[in-house]
Novice: 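Quick one: this structure, given as structure tokens, is what I'll be asking you about.
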2 protein chains.
Amino acid sequence: MAKLPAEGTQARRFGKTRSAQSTALLEDYVELIADLLASAGEARPTDIARRLGVSHATAVKTVSRLKRAGLATARPYRGVFLTEKGQALADRVRVRHRIVVDLLCALGVPRESAEADAEGIEHHVSETTLKAFAHFLKVRV
Amino acid sequence: MAKLPAEGTQARRFGKTRSAQSTALLEDYVELIADLLASAGEARPTDIARRLGVSHATAVKTVSRLKRAGLATARPYRGVFLTEKGQALADRVRVRHRIVVDLLCALGVPRESAEADAEGIEHHVSETTLKAFAHFLKVRV
DNA sequence: CAGAAAGTGTAGCCTGGGCTACATATACCG
DNA sequence: CGGTATATGTAGCCCAGGCTACACTTTCTG
């Protein structure tokens, strides 16, 4: 609408959105694995699959992608663990998730919706935006 | 942490996020096509491709998915148009996009980042959350 | 401690969304 | 009006991320 952005700008944004999507899944897995390790002491493919609502085969396949990406380690029949890099990512993701949920709640979104939407939103929140969220929460709540 | 959600809840959220991703692209296309039709009078596959930063072949393929989904019509070498359904979707998407961008700006996110992040975020904002955003913008700005 | 149950892994299939390469259609001009 | 440049469409490839089916471990239990 009368905006007519220089075509390169929009293209760049879309590219970024696309690549964000490819890492989103890995972030979710890493976050969940960290959670399972912390709460249950182990992260088994079946647990992961159940929590994510996918088949165990899908979970196994994705875990092998995590390994390829250097985020996790796993030995057959012995559960999944995070590498340092994976753990660091999990920490970052958890912090970001909290902030997004808190922000939505602060804006009046009911807890349940906030949790659900945050799951999708969080992967697209840049550092800059995250800082703005955190700042808003600090001064405004 | 220590949350241990009933496993079904989280699974449902992830499922929703996944399906949101599959419609996200179609929403982007529809929005862009509406934009091109409004500003240039026509939407050609090559323009779409350029704006989205993909090859024209990809654009053509996706347009055919839009057709299958009943959102667009296109005749060979004659450009792309939206069906009523597609136009309605475009309108909804545009409104949502505006609200998300405005909200981010209201929270102190610089315009440039707001536009970029909104591109990814908007597809995951539920009706409920969108209403909360709109309400916040009304009372608070 | 053997057999059943539960978990794990592998293979093979499908769809979406990218790409390049090539062939065809349209449009623009000398 | 013919030829070049641009746009369009098609084919075929790749990878991610789902799935089911099947085979094999591990664990639990009578």
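This one's a predicted model, so the numbers in the text were calculated from it and none came from an experiment. Numbered from 1 within each chain, the chains take letters A, B, ... in sequence-line order. The figures here come from the full heavy-atom set of this structure, side chains too, leaving out hydrogens, waters and symmetry mates.
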Novice: If you go through the side-chain atoms of His56(B), does one of them form a donor-acceptor pair with the base of dG9(D) closer than 3.5 Å?
Specialist: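 A donor-acceptor contact between them is present.
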
Novice: Rounded to the nearest 0.5 Å, what's the gap from OG1 on Thr17(A) to CZ on Arg12(A)? Could you check?
Specialist: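 These two atoms lie 12.5 Å from each other.
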
Novice: If you only use heavy atoms from C-beta on, which nucleotide in dA27(C), dT8(C), dG18(D) is closest to the side chain of Arg44(A)?
Specialist: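 Given the options dA27(C), dT8(C), dG18(D), the side chain of Arg44(A) is closest to dT8(C).
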
Novice: Out of dA11(D), dC19(D), dT27(D), which has the shortest distance to the side chain of Ala57(B)?
Specialist: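 Out of dA11(D), dC19(D), dT27(D), the nucleotide with an atom closest to Ala57(B)'s side chain is dA11(D).
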
Novice: Evaluate side-chain contact (heavy atoms from CB on, under 4.5 Å) for Leu36(A) paired with Arg51(A), printing each intermediate quantity in order.
Specialist: CA-CA 10 Å; Leu36(A) 287 170; Arg51(A) 290 275 286 270; 3.6 Å; yes

Novice: At less than 4.0 Å, is any side-chain N or O atom of Thr62(A) found next to OP1 or OP2 of dA16(D)? Yes or no.
Specialist: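 So the side chain of Thr62(A) is outside the cut-off, no N or O lying under 4.0 Å from OP1 or OP2 of dA16(D).
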
Novice: Taking CZ from Arg18(B) and P from dG16(C), how many angstroms apart are they, rounded to a whole number?
Specialist: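 Between P of dG16(C) and CZ of Arg18(B): 15 Å.
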
Novice: Should Ser55(B) be listed as having a side-chain N or O under 4.0 Å from OP1 or OP2 of dG18(C)?
Specialist: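 Indeed not, no polar side-chain atom of Ser55(B) lies that close.
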
Novice: Just N and O in the side chain of Ser22(A): are any of them under 4.0 Å from OP1 or OP2 of dA16(D)?
Specialist: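 Answer is no, no contact under 4.0 Å.
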
Novice: Roughly, in whole Å, what's the span from NZ in Lys67(A) to P in dG9(C)?
Specialist: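 About 7 Å, once rounded to whole Å.
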
Novice: Glu42(B) CD to dA27(C) P: how many Å, rounded?
Specialist: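 To the nearest whole Å, that distance equals 10 Å.
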
Novice: If you apply the rule side-chain contact (heavy atoms from CB on, under 4.5 Å), what do you find for Val54(A) with Phe14(B), and how did you get there?
Specialist: CA-CA 9 Å; Val54(A) 299; Phe14(B) 273 101; over 6 Å; no

Novice: Classify the ring geometry between Phe136(A) and Phe136(B) as parallel (under 30°), tilted (30 to 60°) or perpendicular (over 60°).
Specialist: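 Perpendicular: the ring planes of Phe136(A) and Phe136(B) meet at over 60°.
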
Novice: Measure from CG on Leu26(A) to P on dA16(D) and round the result to the nearest Å.
Specialist: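 For the pair Leu26(A) CG and dA16(D) P, the rounded distance is 10 Å.
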
Novice: Side chain of Tyr77(A) only, please: which of dG18(C), dT26(D), dT10(C) is the nearest?
Specialist: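 For Tyr77(A), the side-chain atoms sit closest to dT26(D).
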
Novice: In whole Å, what is the span from the CD1 atom of Ile48(B) to the P atom of dT6(D)?
Specialist: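 Nearest whole value for this atom pair: 20 Å.
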
Novice: For Leu25(A) and Pro76(A), take the nucleotide of DNA chain D holding the closest heavy atom to each; which residue's nucleotide lies nearer the 5' end?
Specialist: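 Per heavy-atom nearest nucleotide, the more 5' residue is Leu25(A).
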
Novice: Measure the distance from CG on Asp47(B) to P on dA7(D) and round it to the nearest whole Å.
Specialist: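 My rounded result for the distance is 8 Å.
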
Novice: Taking atom types as they are modelled, would you say the side chain of Lys61(B) forms a donor-acceptor pair with the base of dG16(C) within the 3.5 Å cutoff?
Specialist: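 Between dG16(C) and Lys61(B), which were checked side chain against base, a qualifying N/O pair under 3.5 Å is absent.
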
Novice: What is the distance, to the nearest angstrom, from the CG atom on Leu52(A) to the P atom on dA16(D)?
Specialist: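 That distance rounds to 18 Å.
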
Novice: Could you pick out which residue, Arg68(B) or Val54(B), lies toward the 5' side of DNA chain C when each is mapped onto its nearest nucleotide?
Specialist: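 It is Arg68(B) whose nearest nucleotide is closer to the 5' end.
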
Novice: Which pair of heavy atoms, one from Ala49(A) and one from His56(A), lies closest together, and at what distance?
Specialist: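 It is CB-CA, 3.6 Å.
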
